[in-house]
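Worksheet: the structure to be examined is printed underneath.
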Amino acid sequence: MSDIVMSAVDVNVRFGGLRALADLDLEIRSGEVLGIVGPNGAGKSTLFNVLAGAIRPTSGRVLLQGRDITSSRADQRARMGISRTFQTVRPFLDETLVRNVAVAALAVGDGRAHAMDVAVDLLEQVGLADKAAARASELGHGERKRLELARALAVRPRVLMLDEVMAGLNPSEVREIVELIRSLCAASGSELVLIEHLLSAVRSLADRVVVLDAGRVLADGTPDDVFGDPKVIEAYLGTKYATS
Amino acid sequence: MTTQATTSPAPRRVRPRRRPSLGIIVGIAVLAALALAPLTGSRHSLGIWTVALIFAGVSSGWAIAGGLSGLIPLGHAAFFGIGGYASAVVFAKYDLSPWLGIVVGMVIAAALAWLMTVLAVRFKVRGPYFALYTLAWAEMLRILASNLDYLGKTNGVLVPYKVDAGPADLQFSDPRGFYLVAVGYAALAMIVFLLVKRSPLGWRLSAIRGDEPTAAASGVDVARSLTRTMALSAAMTAIGGGLYAQYIQYIDPELAFNVSVSIDIAVRAILGGAVLVLGPLLGSVAMTSVTELTQKYMDALPSASLLVLGLAIIALAHWFPTGIGGLGVRLKRIWSRRSDRV
Amino acid sequence: MDWRLVLQSVIGGLFNGSLYGVAAVGLALVFGVAKIVNLAHGAFILLGMYLVYVLHDWTSLDPFLLAFAAILGGLAVGWLVQRGLLARLMATGQDGPLLVTLGLWIAIEAVCAMVFGSNPKTVESSLSDATFSIGPANFYWSRLVVLALAVAFTVGLHWLLQHTDLGRGIRAVSQDTTAAQLMGLSVGGLLAATMALGAAAAFFAGALSATLVPITPGAATNLLLMSFVAAVLGGLGNIKGAFVGGVLIGVVEGVGSLFLPGTMKVFIVFLVFIGFLLFRPEGLRRRA
Ligand SMILES: Nc1ncnc2c1ncn2[C@@H]1O[C@H](COP(=O)(O)OP(=O)(O)O)[C@@H](O)[C@H]1O
Ligand SMILES: [Mg+2]
């Protein structure tokens, strides 16, 4: 198999009595697009939080190219190139779109002028160039998701984790963003991890799919294998596939 | 703060703005007018405006933290008081220049602010908890100062008159001398505020103010940004405390550290607009004007100005969350949209 | 060490603490349910003091009786403040409400100063001079009455929250506003009720302290600060905890005064406060 870029080893996360992640192992391999699916509350966003350093796991380790980064903070990980979007996007509402994106480029070491250039380019890529000088508060829901994507790209990610970027978008917006993500994968060379409820999107984008259920890995394999697995269909697809 | 109209075509390259904004031009004009005002011969209420300007500076110092970072510090009396005591003690007890005392005060205040914020960030004391936390630190200093013999307990420290005093002793035979010092301090505080706001640190603070988790995910070192900002804010505030003690030639625990001092400092900035360069100056001038006017026309009711202030804050929260200055910005935006200007 | 002094300080601290406690209960309730840090709480306490002073002047009834009238005053003021000034801002985050309560604090203190001047007012209870002794230490009866009334109020409030429909509604809002709304509860009304009860606690605390301290426009600041400390100690939002926190501060103060000169005992209180904010923001309770 190809190199392992990032991995979670035996990770547990407890919220009070609740086990959001239980003895979880996950590998992100070089050059792949990994889809993570699972019913609501399965622990997908929690997994992202652990990988991105937003929460510290109760036990277990997170490795980046073999190096233990379990104790490094979210901002340090962002600067190492581990970038993520939030399921609930909260842009810097009072700031212009350029500044929303540029601050991330600044944080990874660009000068201000260069950070602005980077931001404008990224906004163009996500189709928001014409609103570069508008404030984030003026954006609609779908536009905010695209802004979030541009912001996440601005740290020049080695690993890019997208948490339900297609939720709440209409079909044409979904098509746009799928195209966008495709071209990103082709262009950037960074690993892409995708959490998505929209299974058709996962199917068309992902090289490999991991199914989470109740904090555990239920299945791991190619989209065709996974979505054909009766275990998965029972736990998840039986209810969700029809609706998506 | 970029305020271009949204209908304009996309700028190919949006550079950080280098050209002076309207706020800066107005700020320079206002400060110049203030500096020249006493030359017109009217020295009436010069003292009041000296204090108002000192507090404009203090408030600008507060706004570096309270406005730009989104923290709500309610204990800046701690830094104000440290500046006051340091300058008074250095002058009165060691016979050294109060300027030196002010520097000592800045260092102590910055160190304390750094320590406070390191702890607060490490243990996630935020939002209203941070307000109470900072308030408690100021209260501890108030109690400490009222119980320390070295600081004259509740009597405080007197700043003695000096024979052949000069600017090095911060004593002036002409009251306009101190007034000009106050103008200079207010200007300095505003410049520092502006430099921070436009610096990379200012960008980071704006992100933290917007949303902390998103800022962190963007690679912004939240802890370091906040501790530096609080330390700088404290140092700028301490200068004002030092000047104030030298001006009234006296400092005591209540003047230095009382809760009402912390609130006064914060309210001036919030009233004027805490994220705007001109905000604290506007707020301070407004507050002093209200006090003066009510004292002139309602002198039987010395608390009337506080009532007006309280009601103004309530109105502000409802209708002008960005303060008096924010109103100006809004008007400017409407104007620039109408004239179709980018 | 002198036993009489120790008893005097500790039990005296307990009495004081019950006052901090009942004031803190209101603060904790409002924070727990409405998530508002109510800086106007001190102003409410002040209004309670002056209300008792005015009513006492007018009716000559015992101030401890009038404290019950103060509860009514508090209910009305709290309800009005929530409905009139805070409700519209609730959705905009914590800064707006914080600012409004700050403005209220300043304005109410100013109004009191305008109406009553800065000369201290005093209210005498018929019990004011009577004393009793525990071992070698002597205490005023009025202090014991304050303790009893403070405990009674807190127990009553707790009962109301646990066993009435109103209380269940308030608790539902405190846990999850959206869910409460979906259940068909009137969230606005329940928030107003919460603020009313919180203000009632403040008024009651003010009324009780009216017999103990000279009443001036600045008289409530100390009680405000102490009730913040107590509420944090109890775990902001926790009623019983807030009362226990208040009592604890009183005792800490009492014990502190045995060892420390002057007002340094209050230094200890704030030190404890900062310690709690940093290391145990959930308060005295065991970690969940
Ligand atoms: N900060 C938190 N505190 C308590 N429980 C949480 C927290 N975050 C997530 N959870 C719980 O952990 C479980 C997994 O949540 P999440 O990772 O968001 O699921 P998913 O993203 O797969 O829908 C859920 O039961 C959720 O309620
Ligand atoms: Mg999720």
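Chain A is the first sequence line, chain B the second, and so forth, proteins listed ahead of strands; every chain is numbered from 1.
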- Query: Quick one: what part of A:Arg73 sits under 4.5 Å from any heavy atom of chain B, side chain, backbone, both or neither?
  - Reply: side chain

- Query: Among B:Ala215, B:Ala216, B:Ser199, B:Ala223, which has the most heavy-atom pairs under 4.5 Å with chain A?
  - Reply: B:Ala216

- Strictly by modelled atom types, are A:Asn12 and A:Ser59 linked by a side-chain donor-acceptor pair under 3.5 Å? yes

- So CG of A:Leu122 and CG of A:Leu128: to nearest 0.5 Å the spacing works out to 11.0 Å

- Message: Please classify the contact of A:Ala119 with chain B as side chain, backbone, both or neither, using a heavy-atom distance under 4.5 Å.
- Response: neither

- chain B interface, residue from A:Val108, A:Val103, A:Val155 that has the most non-hydrogen pairs under 4.5 Å: A:Val103

- Task: Quick one: sort the B:Trp137 and B:Tyr133 rings into parallel, tilted or perpendicular, breaks at 30° and 60°.
- Result: perpendicular

- Message: Under the rule for ring-ring contact (aromatic ring centres under 6.0 Å, His included), what residues qualify as partners of B:Phe320, not counting sequence neighbours?
- Response: none

- Positions in residues 142-152 of chain A that reach chain B, provided some heavy atom is under 4.5 Å away: A:Glu148, A:Arg151

- Query: Can a donor-acceptor pair be found between the side chains of B:Ser233 and B:His76 at a distance below 3.5 Å?
  - Reply: yes

- Message: Can a side-chain donor-acceptor contact be found between A:Ser45 and A:Asp163 if the only test is distance below 3.5 angstrom?
- Response: yes

- With sequence neighbours left out, write down each residue that passes side-chain hydrogen bond (donor to acceptor under 3.5 Å, both in side chains) with B:Thr237, or none if nothing qualifies. none

- Task: Not counting sequence neighbours, which residues clear side chain to side chain contact (heavy atoms under 4.5 Å, CB included) with B:Ala111? List them please.
- Result: none

